[in-house]
Each structure stands twice: as structure tokens, then as C-alpha cells.
Amino acid sequence: MRLDEEAFSQDRYYHPRPGPGEKVPVQILNFTRVFAAWSPELKATLFFEKAPDESEAYGLKRVREAVILYVYDWLAGREGIIELTNAEFAQFMEVYEAFLRKLGEIQYSREKKGRKTDNVFELKESPFIIREVKKGPFSDKL
């Protein structure tokens, strides 16, 4: 296994990074489970479909399981990726399931907790009321 064949670097992709208190509306395109590791040689996080067996041979550090969320950032007008931990993914799935039921807008923000920054997702419900369209003559509705 060579690093350049089975890994992809997160540095090739756009990362939405909202500032403190800022919320970015995102559209979810896809998500996938991967293994992530830091490469000091490349100074980048690399993602693998399978867990790297010989992490010491490549000098990889902090090998972990992660979820990559592919999103469309409406403010930047481009696609990007967000790396989530399992806990952040569970919180995201609650918001995503509510989004599928109620519609609205998924907003992405980042919260600083000590030395760590957490990814947070919220559902902003749509101000529009969605009604079922009934068949019938238009004159009856007037």
C-alpha cells in the first residue's frame, strides 16, 4: 500500500470554518466513514477507506475513525468537507432526521470548549407552511 494510492488529503478540499457566533447554511451532499491520520511529513491529515496497518512505517500519528461530511456551503458557493467525530455525527444525525421530517435549513457552526473546537449543527425551521394540494375545480375555492 502506498500513501498516495489509497489515501486522500483533506488539504485538497475546501473546509467551511465559521467564525465565533457565525452560522453557515449548508446542504448535505453525502457522508462516509473513514480512518484519518496525521502525516507529519506531508503536514496534512490523510483519510483512508481501510485502517492503515503499518502506521509507524509511514510515520502516521493520531490514527482514528471519523466521518467525512460532504456539504455545499451556501455562503461561499462551493462544496466542502467537514470531519466529524462519532459524537458529533450522532448530534448531526438527530438534526438531519428532523430536517427530513420538517424541512428547513441546516446551519453549521463551531463552538470552542476549552482547547477543543466542536462542530455543531442546528435546524432552522422554514417560515413557510407547506400544505397539501387538493384536486378540484378552482371555482369551488373562490
Side-chain angles (χ1 to χ4, degrees), residues 1-136 138 140-142:
M1 174 175 107
R2 290 181 29 198
L3 278 179
D4 56 351
E5 287 179 354
E6 296 195 24
F8 62 94
S9 170
Q10 76 173 17
D11 293 336
R12 297 181 194 155
Y13 296 91
Y14 165 73
H15 298 277
R17 302 243 194 252
E22 182 183 8
K23 295 179 181 178
V24 176
V26 293
Q27 180 177 351
I28 308 306
L29 302 175
N30 196 6
F31 51 86
T32 182
R33 289 197 177 273
V34 295
F35 291 92
W38 174 255
S39 171
E41 180 182 320
L42 300 174
K43 295 184 178 159
T45 299
L46 302 176
F47 298 106
F48 300 88
E49 289 181 4
K50 299 175 188 168
D53 297 330
E54 305 167 12
S55 59
E56 294 82 24
Y58 297 120
L60 298 176
K61 298 184 178 192
R62 295 192 319 259
V63 177
R64 62 202 179 275
E65 190 175 335
V67 176
I68 297 295
L69 190 64
Y70 297 91
V71 299
Y72 183 81
D73 181 349
W74 286 101
L75 296 181
R78 55 194 290 197
E79 292 181 15
I81 63 170
I82 301 170
E83 180 183 344
L84 302 176
T85 63
N86 286 331
E88 291 171 339
F89 183 67
Q91 188 265 335
F92 161 75
M93 283 307 292
E94 289 175 13
V95 172
Y96 191 63
E97 288 171 0
F99 166 76
L100 293 175
R101 283 191 310 272
K102 302 176 185 175
L103 298 178
E105 179 180 273
I106 296 177
Q107 295 185 336
Y108 167 61
S109 62
R110 294 164 44 109
E111 291 180 359
K112 190 91 169 155
K113 293 184 180 176
R115 299 176 75 190
K116 189 177 175 192
T117 303
D118 289 337
N119 297 308
V120 178
F121 296 90
E122 296 176 7
L123 179 64
K124 181 180 176 186
E125 292 189 29
S126 177
F128 303 104
I129 299 172
I130 300 173
R131 295 189 180 141
E132 189 175 320
V133 178
K134 296 179 183 176
K135 290 184 177 183
F138 183 66
D140 291 349
K141 296 181 185 195
L142 294 175

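Residue numbers count from 1 along this sequence. A quick note: this is a predicted structure, and the numbers were derived from the prediction, not measured.
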How close do [X] and [Y] get, heavy atom to heavy atom, and via which atoms?
{"X": "Leu123", "Y": "Leu103", "answer": "CD1-O, 3.7 Å"}
{"X": "Ser109", "Y": "Lys23", "answer": "CB-CG, 4.1 Å"}
{"X": "Gln27", "Y": "Trp74", "answer": "OE1-CZ2, 3.0 Å"}
{"X": "Asp73", "Y": "Val26", "answer": "CA-CG1, 4.4 Å"}
{"X": "Ala66", "Y": "Ala36", "answer": "CB-CB, 4.5 Å"}

Q: Would you mind telling me which of Phe121, Tyr108, Phe99 makes a ring-ring contact (aromatic ring centres under 6.0 Å, His included) with Phe92?
A: Phe121
Kindly compute the distance separating [atom1] ([X]) from [atom2] ([Y]), expressed to the nearest 0.5 Å.
{"X": "Leu60", "Y": "Phe35", "atom1": "CG", "atom2": "CZ", "answer": "13.5 Å"}
{"X": "Arg62", "Y": "Thr45", "atom1": "CZ", "atom2": "OG1", "answer": "6.5 Å"}
{"X": "Ile106", "Y": "Leu100", "atom1": "CD1", "atom2": "CG", "answer": "7.5 Å"}
{"X": "Asn119", "Y": "Leu84", "atom1": "CG", "atom2": "CG", "answer": "5.5 Å"}
{"X": "Glu125", "Y": "Lys102", "atom1": "CD", "atom2": "NZ", "answer": "4.5 Å"}
{"X": "Lys61", "Y": "Glu41", "atom1": "NZ", "atom2": "CD", "answer": "12.0 Å"}

Q.
For a quick check under 3.5 Å, do Asn86 and Arg33 share a side-chain donor-acceptor pair by atom type?
A. yes
List the atom pairs, donor and acceptor, that lie under 3.5 Å between side-chain atoms in residues 110-117 and the rest of the protein, sequence neighbours left out.
none

Q: Please lay out, stage by stage, how Glu83 and Ile68 fare under the test side-chain contact (heavy atoms from CB on, under 4.5 Å).
A: CA-CA 5 Å; Glu83 180 183 344; Ile68 297 295; 4.3 Å; yes
Q: Decide yes or no for Thr32 and Val34: does some side-chain heavy atom of the first lie under 4.5 Å from some side-chain heavy atom of the second?
A: yes
(Q) Are Met93 and Val67 packed together at the side-chain level, in the sense that at least one heavy-atom pair is separated by less than 4.5 angstrom? (A) no
